[in-house]
Amino acid sequence: MKLFIVESPTKAKSISKYLGKDWIVKATLGHIKDLPERSLGVDPKTLEPKYVWLKGKKKLVENIKKIAKNAQKIYLGTDPDREGEAIAYFLKEELSRVNGRIYRAMFYEITKNSILKAVQTAKDIDLNLVHAQFARRVLDRLIGYKLSPLLWKELTTKGLSVGRVQSPALRLIVEREKQIQSFKKKKYYYIKVDFEKDGVSFSAVFQQRFEKPSNAEPYLKKLKDTMFVVNAVKKEKSISDPPKPFNTASLQSEGSKKLNLSVSEIQKIAQKLYEEGYITYPRTDSYRMNQEKAQEFIAFIEKNYGKEYVGKLRNFREGRLSQSAHECIRPTSLRKKPKEGIELKLYLLISSRTLASLSSPAIIEKTYVSLNPITDEALEFFAEGEDLLFDGWMKIYGKEWEGKKLPELTQGDILKPKRIYIEERETQPPPRYTEGSLVKTLERLGIGRPSTYATIVKTLKQRGYVAVEKGHLKPTEIAFKVVDYLMEKFPSLMDYSFTANMEDMLDEIEEGRKDWKLITKEIYRKVLHEYTQE
DNA sequence: CAGTGAGCGAGCTTCCGCTTGACTT
């Protein structure tokens with residue numbers, strides 16, 4: 001009998017099928033050890049971390065140990081990334097007491113081939129990766145547990161928190177709010193002319209905007225009772241490429257927008273769909289898709305929509321920080337879907353997005369028309385229209401076409417205006433973040449991981465830093481104070497590229513070029529630098 | 001005798017990242 005260990009019980013089930021009878025597959029349910037919650041858990045001098053059992057995990061590992069005792073070989077198949085390597089490390093530390101034949105198996109998708117290959121090519125644990133996890137963990141702990149108490153004292157409020165991820169996230173929200181507060185709305189005016197031709201109405205606007213309606217009046221007088229002539233018509237084809245398939249960030253933002261739910265609710269439903277076998281792993285930063293599956297989906301498109309709707313599997317550049325242990329989020333099969341309710345709705349969003357990503361581009365024709373009043377050629381008016389020549393992926397994704405088509409116009413056409421008037425508009429402040437747009441921004445900046453996006457939002461709410469108002473995130477007064485304080489005392493931590501810089505350092509540890517304790521100390525000192533100078 | 005203050009100990013918030021099931025109400 002051989003033993004295979006993974007993180008997720010759902011994965012354990014599928015892998016168990018591939019490996020067959022003389023294998024036992026067990027799941028750790030994520031990390032098994034972590035720093036203690038109620039103390040720092042890091043020696044301030046040596047930076048030596050004190051990892052302790054997570055709740056319930058001692059018992060779980062003891063059970064695995066009993067099986068390990070009698071196993072011919074033990075394969076550690078935790079996720080092929082920094083965190084997964086750390087889990088494997090602690091597993092080995094425990095299991096090697098009863099059995100020395102322990103190997104590290106790496107796989108990037110759950111298919112029979114890749115699992116068998118992982119077993120054949122299994123090697124030893126990569127200590128560099130483990131040390132990078134220590135560095136990441138210790139740094140996050142030091143920042144969180146050393147800086148938070150400074151806030152309690154400074155702002156005499158208990159329960160406030162500072163973190164490598166949450167504090168820059170809060171800064172985004174607070175800075176947006178400041179922009180909104182200082183935004184001065186400005187009115188502006190333009191001259192608009194309504195026409196109608198062949199029963200289709202359209203409008204043209206004057207080349208110039210005005211700050212005051214009185215500035216537009218003289219022009220308006222000139223235009224009284226005049227006819228217009230079409231001076232030029234330009235047509236341009238443009239291509240609208242299909243969207244990428246979903247990863248966690250885009251599923252959370254698109255899902256919460258379309259189904260009107262919070263990002264945590266979306267994540268919860270996705271997790272359920274995953275456990276019930278409807279979709280692939282829901283915590284991923286990757287857009288990769290299994291080749292054979294993509295072929296299967298493309299065949300489905302051809303059969304149900306026709307050849308002209310078939311696109312191709314594209315290779316997307318993964319973000320530099322992407323650790324890519326999993327594929328994109330897609331249906332496991334198109335033959336199996338949930339029966340009803342919100343689960344079905346999210347499933348259908350995922351399946352249509354997946355198919356759309358593999359279908360053909362939409363083709364749009366843009367028309368630009370310029371017109372003059374017959375009485376004055378120097379006054380130019382512009383009209384624009386869009387026509388959908390081919391819907392492509394939009395049909396499959398169910399995206400409604402919003403473009404407006406112009407009537408057929410040719411140079412020299414004479415038109416009688418239906419109405420000439422001044423329209424008032426106002427410049428708009430930038431919008432507040434929604435949960436979804438915040439998650440997308442965090443992903444773009446490389447702040448946080450797919451497994452934590454939803455919790456980041458939750459933490460900011462729990463700390464009383466943000467409130468949800470009409471679906472948008474509004475910072476509270478204490479949030480302003482916290483961000484102002486941190487910006488003054490710890491500017492390098494609040495820099496949006498802090499995480500990216502930290503990742504660079506972790507890369508060096510992973511490649512074995514730097515000692516993890518030295519680097520961790522260096523970064524932490526840099527964060528504290530300005531503060532301790534006083 | 002009442003009020004004051006020093007000294008001491010107990011009880012305390014907090015991080016990010018990996019994963020769900022086993023608890024209680």
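Per chain, numbering begins at 1; letters A, B, ... match sequence-line order. Treat the numbers as computed from the prediction; the structure is a model and nothing was measured.
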Using whole Å, report how far CE of A:Met502 lies from P of B:dC15.
16 Å

Test: salt bridge (charged side-chain N to carboxylate O under 4.0 Å, His left out). Region: residues 451-465 of chain A. Which pairs qualify, not counting sequence neighbours?
A:Glu435-A:Lys461

A:Ser451 side chain near B:dC18 phosphate (N/O to OP1/OP2, under 4.0 Å)
yes

Both atom distances under 3.5 Å, Watson-Crick or G-U wobble: I'd like the secondary structure of DNA chain B as a dot-bracket string, with | for pairs made across strands.
.........................

Between B:dG17 atom C1' and A:Leu54 atom CG, what is the distance in whole Å?
10 Å

Who pairs with A:Lys521 by side-chain hydrogen bond (donor to acceptor under 3.5 Å, both in side chains), at least two apart in sequence or on another chain?
none

Which residue pairs pass the salt bridge (charged side-chain N to carboxylate O under 4.0 Å, His left out) test when at least one of the two sits in residues 115-134 of chain A, sequence neighbours left out?
A:Lys92-A:Asp124

Between P of B:dG17 and CZ of A:Phe134, the distance in whole Å:
17 Å

Can you pull the ring-ring contact (aromatic ring centres under 6.0 Å, His included) pairs that have at least one residue in residues 55-80 of chain A, sequence neighbours excluded?
A:Trp23-A:Tyr75, A:Tyr75-A:Tyr103

Can you name the residues that form a side-chain hydrogen bond (donor to acceptor under 3.5 Å, both in side chains) with A:Asn63, not counting sequence neighbours?
none

Could you name each residue pair satisfying salt bridge (charged side-chain N to carboxylate O under 4.0 Å, His left out) that touches residues 141-169 of chain A, not counting sequence neighbours?
A:Asp140-A:Arg164

Base, sugar-phosphate, or nothing for A:Gly56, non-hydrogen atoms under 4.0 angstrom?
nothing

Answer yes if the side chains of A:Thr248 and A:Arg449 hold a donor-acceptor pair under 3.5 Å, and no otherwise.
no

Measure all distances between protein nitrogen or oxygen atoms and nitrogen or oxygen atoms of nucleotides 20-25 of chain B, and list the pairs falling under 3.5 Å.
| from | atom 1 | to | atom 2 | distance (Å) |
| --- | --- | --- | --- | --- |
| B:dT20 | OP1 | A:Ser8 | OG | 2.6 |
| B:dT20 | OP2 | A:Gln271 | NE2 | 2.9 |
| B:dT20 | OP2 | A:Arg283 | NH2 | 2.5 |

Any salt bridge (charged side-chain N to carboxylate O under 4.0 Å, His left out) involving residues 44-59 of chain A? Give me the pairs, sequence neighbours left out, ordered by first then second residue.
A:Glu48-A:Lys517

Do A:Gln72 and A:Asp22 have side-chain atoms, one donor and one acceptor, less than 3.5 Å apart?
no

Could you pull out every donor-acceptor pair under 3.5 Å between side chains of residues 469-477 of chain A and any protein atom, sequence neighbours left out?
| from | atom 1 | to | atom 2 | distance (Å) |
| --- | --- | --- | --- | --- |
| A:His472 | ND1 | A:Arg432 | O | 3.1 |
| A:Thr476 | OG1 | A:Gly464 | O | 2.6 |
| A:Thr476 | OG1 | A:Tyr465 | O | 3.3 |

Side chains of A:Glu85 and A:Gln133: is there a donor and an acceptor less than 3.5 Å apart?
no

Hits for salt bridge (Lys or Arg N to Asp or Glu O under 4.0 Å) against A:Lys26, two or more places apart or cross-chain, chain-then-number order -> none

Starting at NZ of A:Lys33 and ending at C1' of B:dG17, how long is that distance when rounded to a whole Å?
17 Å

Taking only nitrogen or oxygen atoms into account, show me every contact under 3.5 Å that the protein makes with nucleotides 12-14 of chain B, one pair per line with its distance.
| from | atom 1 | to | atom 2 | distance (Å) |
| --- | --- | --- | --- | --- |
| B:dT13 | O2 | A:Gly159 | N | 3.1 |
| B:dT14 | OP1 | A:Arg463 | NH1 | 3.3 |
| B:dT14 | O2 | A:Tyr145 | O | 3.3 |

Check whether the side chain of A:Arg449 and the base of B:dC16 form a donor-acceptor pair under 3.5 Å.
no

Take atom NZ of A:Lys50 and atom P of B:dC15, then tell me their distance rounded to the nearest Å.
19 Å

In whole angstroms, how far is the P atom of B:dC18 from the CD atom of A:Gln267?
12 Å

Considering every strand and a 4.0 Å limit on heavy-atom distances, what is the contact class for A:Thr459: base, sugar-phosphate, or nothing?
sugar-phosphate

What is the distance from CG of A:Asp140 to C1' of B:dC15, rounded to the nearest Å?
6 Å

Let me know the distance between CG of A:Asp285 and C1' of B:dC18, rounded to the nearest Å.
14 Å

Which part of the nucleic acid, if any, lies within contact of A:Arg164, taking any heavy atom under 4.0 Å across all strands shown: a base, the sugar-phosphate backbone alone, or nothing?
sugar-phosphate

